[in-house]
Every structure is written in structure tokens, then in C-alpha cells.
Amino acid sequence: VPVFPWHALVPFLTNTGPP
Amino acid sequence: PQLHYPPHFMKGSIIQLSNGELKRVEDLQTDDFVQSAEISSDLKIDSSTVVKIEFNPDHSTAILGFVVGEHKVQVTVEATLEHPFFVFGQGWSSCEPDRSLHRYGLDCQKLSVGDVCISLTHKDVQ
């Protein structure tokens, strides 16, 4: 049975740090 | 457009949290994401507020506008109408809950402007 990591379910909408 | 339907949203999918605990995708709660991010060494949670939902029925997608994180970054993404987003305190939500149920078997609320979704970013590397 495949197991998926929690962070695969929610999007990355920005990259790191302030603009 | 090449539409993508991630398998991990299928009802019954097994999800591993940062602490190693296993949960079914439909049983996840806000705290599961918050605690997993706290444990994580490099990821942190951003609050992403939905500010625009533009349906694009020809493509079975919607253009979503978000205001993301403490710096209020404006982000626009295109997502399938059935794509589930996790809304703080509400759970899985999508533009077309009926389609999400049909595609993934996952019960979703209706995603609306003003909803605050969980998104991720990388922790500031010192």
C-alpha cells in the first residue's frame, strides 16, 4: 500500500524568504 | 491542458505525518498539518487567503488568486475544479465538491473567496 508524505497534499505557493 | 489528478487525494490513501503517524487522507485535521510543520526541519505553513475564483469550464479548471503568508504575496494558480485544498478549521475544500467526490471519493466543502488555505514554504535558512 503506498504511503504519501503529508507535505505532498498542500501546495507550495511561494519560495523562501521575503520578496 | 494536461490535467493532473494526484493519487494521494483518493479516499483511503495513507498519509504519513512528520511524527511517523499514519492517517487516511479523509481523516486529516488542521492540527495534523500544523504539528507536522512544527516538527519539520525545513518546512513551514503559510496562510493563503483565496481572493479570486474564476471558473474555466472549457478546461475543467479554475484560476485561483491567493494572498500568501506574512508578506501578502499575490499568487495566481490554475487548478482542476475537483482539486482539494485544505482550509484551516474546515478541511478539504474544492471549487466543485461533487466532482471531487466523484473523482477521489473525498468529501469536500465548497471553496469560497475568503477561505484561508494551508500552503507550505521553506523555513528561512539562517
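First the proteins, then the strands, lettered A, B, ... as listed; each starts at 1.
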Distance in Å, [X] [atom1] paired with [Y] [atom2], rounded so as to fall on 0.5 Å steps:
| X | Y | atom1 | atom2 | answer |
| --- | --- | --- | --- | --- |
| A:T14 | B:E70 | OG1 | CD | 9.5 Å |
| B:L43 | A:H7 | CG | NE2 | 6.0 Å |
| B:F86 | A:L9 | CZ | CG | 9.5 Å |

Region of A:P11 in contact with chain B, defined by heavy-atom distances below 4.5 Å: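 Contact with chain B: backbone and side chain both.
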Contact origin within A:V3 toward chain B - heavy atom pairs under 4.5 Å: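 Both backbone and side chain.
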Establish whether [X] and [Y] are linked, either directly or via other cluster members, by ILVMFWY side-chain heavy-atom contacts under 4.5 Å.
| X | Y | answer |
| --- | --- | --- |
| B:V116 | B:V34 | yes |
| B:L120 | A:F4 | yes |
| B:I63 | B:V77 | no |
| B:L111 | B:V75 | yes |
| B:V68 | B:V113 | yes |

For residues 17-28 of chain B, tabulate all N or O donor-acceptor pairs below 3.5 Å that involve a side-chain atom, not counting sequence neighbours.
unit_1	atom_1	unit_2	atom_2	d
B:S18	OG	A:W6	NE1	3.0
B:S18	OG	B:S36	O	2.8
B:N19	OD1	B:E21	N	2.8
B:K23	NZ	B:D32	OD1	3.2
B:K23	NZ	B:D32	OD2	2.8
B:R24	NH1	B:G12	O	3.1
B:E26	OE1	B:G12	N	2.8

Proximity breakdown for B:A37 and chain A, heavy-atom pairs closer than 4.5 Å: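 Both the backbone and the side chain of B:A37 come within 4.5 Å of chain A.
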Structural part of B:F33 lying under 4.5 Å from a heavy atom of chain A: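 Its backbone and side chain both get close to chain A.
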Non-hydrogen side-chain atoms of A:L13 and B:D46 separated by less than 4.5 Å: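 Heavy-atom side-chain distance check fails, nothing below 4.5 Å.
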Whether B:H8 side chain and A:A8 backbone form a donor-acceptor pair below 3.5 Å: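 Such a contact is found between B:H8 side chain and A:A8 backbone.
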B:K11 atom NZ: more than 12 heavy-atom contacts under 6.0 Å: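 Count not over threshold, so no.
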Contacts of residues 89-108 of chain B with chain A (heavy atom under 4.5 Å):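 So far as heavy atoms go, B:W92 are the residues that approach chain A to under 4.5 Å.
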Aromatic centroids of A:F12 and B:H122 separated by under 6.0 Å: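 Distance test on ring centres: under 6.0 Å, yes.
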